[in-house]
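Read through the structure below, which is laid out as C-alpha cells, and then see the notes.
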Number of protein chains: 2
Amino acid sequence: MTTQIKPNKKEVTREKNQKLILDAAEQLFSQLGYDGASMSMVAKEAQVPKANILYYFKSKDGLYESVIDRIIANWNLGLDNVTINDDPATVLYNYIKSKVILAVNQPMQSRLFASEILRGAPYLQNYFRTNTRPWVKQKVDVLQAWMDADKMDKVDPYHLLFTIWSTTQYYADFQAEVLLVMNKLEYDKTDVAQITQSIAHIILKGIGLKIPEQSET
Amino acid sequence: MTTQIKPNKKEVTREKNQKLILDAAEQLFSQLGYDGASMSMVAKEAQVPKANILYYFKSKDGLYESVIDRIIANWNLGLDNVTINDDPATVLYNYIKSKVILAVNQPMQSRLFASEILRGAPYLQNYFRTNTRPWVKQKVDVLQAWMDADKMDKVDPYHLLFTIWSTTQYYADFQAEVLLVMNKLEYDKTDVAQITQSIAHIILKGIGLKIPEQSET
DNA sequence: TTAGTAATTGACCTTTTGGTCAGTAAAGCT
DNA sequence: AGCTTTACTGACCAAAAGGTCAATTACTAA
C-alpha cells in the first residue's frame, strides 16, 4: 500500500539496491551461516560497495535481521483457516505436500532458519514466542478436537506437528546428506512425489487416516 | 592397542591435554559452529595456550577434523546385526527409542553434525560415502526383505530411514524451537517416553506394525 | 650428569573482520 | 539556477582472526 503518486527516484533506487543486497545476503547466510558470511562477501556478491550495505542496514546484525524479517514476511505457515469441520486427511496431506515442495524447491530459507535455531535462535526467539507459539496452539486445538471426535488417532498433537515439520524440512536442511546417501547429485522431478507419498503414507496411516484420492491445487 | 609397557610421562600429558582441548572444541563448535568458534575461545575454555592447540592439531581445520573423527569413533549407527528373521516392530521400536534418548541427552554431537551437513558436509562427505552409504544400503535391503515378506507396508525404505532420523534428531537439533513452542525451559524426564511413544506410534503404525508390548534393554 | 630431542609458549605477523567518517555526488525544492 | 538535504563511498581504523617462530623448558636415554 505504498502511495505511489510520485515514484521518487531516490526511493526506487534504494529499494532496488536493498533487494540486491538482501538477495545476496540471504544466499550467503544460508550457505555459510551468520559467522561464515562476511560483509565484504555480501558486498561483492551484490556488486555494491560495502559501506553502502552498512549505510542501509546499520550493522551486520541489522542486515541479518532484515534478511530474516523478509523471509518471515512472505513465509506462510500454512494450515490457515483450518477448522474442526475440515477433513483431517485432506488438510494434513496438503500440508505435507506443500512442505515437501518448499523443501525441495526452496531449501535456502529453510536452511537459514535451521542454522538460526541450531545456534539457539537468538533472533527468532521473539518470533517463536509471539507468532509460532500461538499459531501452533491454535492448530493443536483443532487436532485435539479431531481426536476427541474420533476422526483420528489420539497422539500428542505437538509431537505430531514436529513430526511433519521434521520429516519434510529434512530434505532441505540435510539435503547434502540425503543426496550423498542416495548417491544422487540433485533431486529430480520424481522425488517430490516420491517423498510426499512416503511421508504422507507413514504419517497419515500412522494416525489412523487414509491418503485422500487426489487433491489438485 | 597402545603398548603401555612404559607409561611415558610425555604421552600421558599429551593425551590429557588433547582430551581437554577436544572437549572444549566439541562444545564450542557445536554451540557456535565452525566459524563462530575461534581458536582463542577454545584455548580459553580448555585453559591451554593457543599455540599449544596449534602445536597439537596443526590448524583450525585439523582441530575440527579431530573433533569430528572422535565423535564418529564412538558413534554407533545402531541397528547392528539386523537380519530378515528379526521382528521389524521390535527392531524399529528400539532403534527409535535409542535415537530419542541420544537426542535428548546428548544433543551436542547431533548439532555438530547438523551444522556440518547444513554447510554441505565438507568434512563428512567422505564418511557418508564410505560408511553411511553402505550401512544404509544394508539396512535398506533388510527393510525391503521385510516388505517382500509382507511383514510390513511397502514404502520406500530410504525415506523410511530418513523419517526415523529426522523425527528423532529434531529434538536435538531444533531443541531451541521445540522448547520455545512448547513453552518449556528444558526437557524433563517424562519427555523421552512421551516423544518416543508419539514417534513410534506414528511411524510403526504408519508402516503397518504394532508397538511391541515392552522392550527393556 | 648430560647431551640430545621433543614439548611448550610468549611474542609477533599478516589478513580479514565489522565498522566509521569526511568528503563528494545526486536529488529535491523553490 | 541555486540552495538544501539526503545518498553514497573511498579511505581508514581498531580488534580479532588464524597462524608462525625463536626461545625456553621438560623428558629421555646413555
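Below, chain A is the first sequence line, B the second, and so on; all start at residue 1. Hydrogens, waters and symmetry mates play no part in the numbers below; they use all other heavy atoms, side chains included.
- Listed by chain and residue number, B:Y170 satisfy the ring-ring contact (aromatic ring centres under 6.0 Å, His included) test with B:F174 (two or more places apart in sequence, or in another chain).
- At least one donor-acceptor pair under 3.5 Å links the side chain of B:H201 to the backbone N or O of A:G206.
- Between the P atom of D:dG19 and the NZ atom of B:K58 lies a distance of 12 Å, rounded to the nearest Å.
- The side-chain hydrogen bond (donor to acceptor under 3.5 Å, both in side chains) check on A:D188 picks up A:K184, A:T190, with sequence neighbours excluded.
- Not counting sequence neighbours, B:T196 has no partner by the side-chain hydrogen bond (donor to acceptor under 3.5 Å, both in side chains) test.
- Spacing between atom CD1 of B:I53 and atom P of C:dG10 amounts to 12 Å, rounded to whole angstrom units.
- The salt bridge (Lys or Arg N to Asp or Glu O under 4.0 Å) pairs that include a residue from residues 110-131 of chain B are B:D35-B:R119, where partners are two or more places apart or lie in different chains.
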Donor-acceptor pairs under 3.5 angstrom involving side-chain atoms of residues 38-51 of chain A: please list them, not counting sequence neighbours.
| residue | atom | partner | partner atom | Å |
| --- | --- | --- | --- | --- |
| A:S38 | OG | A:S40 | OG | 3.4 |
| A:S38 | OG | A:M41 | N | 3.3 |

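- Distance, A:R14 CZ to C:dA26 C1': 14 Å, rounded to whole Å.
- Proximity of residues 27-50 of chain B to DNA chain C (heavy atom under 4.0 angstrom from any strand atom) is restricted to B:P49.
- For the side-chain hydrogen bond (donor to acceptor under 3.5 Å, both in side chains) test, no residue two or more places apart in sequence or in another chain qualifies with B:Y158.
- Near DNA chain C, meaning a heavy atom under 4.0 Å from it, residues 63-71 of chain B has no residue at all.
- Between C:dA6 and B:Y55, no contact under 4.0 Å exists linking OP1 or OP2 to a side-chain N or O.
- Among the atoms of the strands shown, none is found under 4.0 Å from any heavy atom of B:F57.
- Residues passing the salt bridge (charged side-chain N to carboxylate O under 4.0 Å, His left out) test with B:K137, sequence neighbours excluded: B:D141.
- In this structure, the CG atom of A:L54 is 13 Å from the C1' atom of D:dG10, given to the nearest Å.
- Nearest nucleotide to the side chain of A:T13, out of C:dT8, D:dC8, D:dG18: D:dC8.
- Counting only heavy atoms from C-beta on, B:A51 has its side chain closest to D:dC21 among D:dC21, D:dT9, D:dC8.
- Atom CD1 of A:I21 and atom P of D:dA7 are 14 Å apart (whole Å).
- Remark: C1' of C:dT17 and NZ of B:K60 are 13 Å apart, rounded to the nearest angstrom.
- Using five terminal pairs a side, the axes of the helix from C:dT1-D:dA30 to C:dT30-D:dA1 at its two ends make an angle of 10°, given in steps of 10 degrees.
- The side chain of B:N17 approaches C:dT8 more closely than any other nucleotide in the set C:dT8, C:dG19, D:dA7.
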Taking only distance into account, with no hydrogens and no angle test, what donor-acceptor pairs under 3.5 Å do side-chain atoms of residues 27-34 of chain B form with protein atoms, sequence neighbours excluded?
| residue | atom | partner | partner atom | Å |
| --- | --- | --- | --- | --- |
| B:S30 | OG | B:Q27 | O | 3.2 |
| B:Y34 | OH | B:D61 | OD1 | 2.4 |

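- For the residue pair A:I202 and B:I203, the shortest heavy atom distance occurs at CG2-CA, 3.8 Å.
- Contacts of A:T132 classified as side-chain hydrogen bond (donor to acceptor under 3.5 Å, both in side chains), with partners at least two apart in sequence or in another chain: none.
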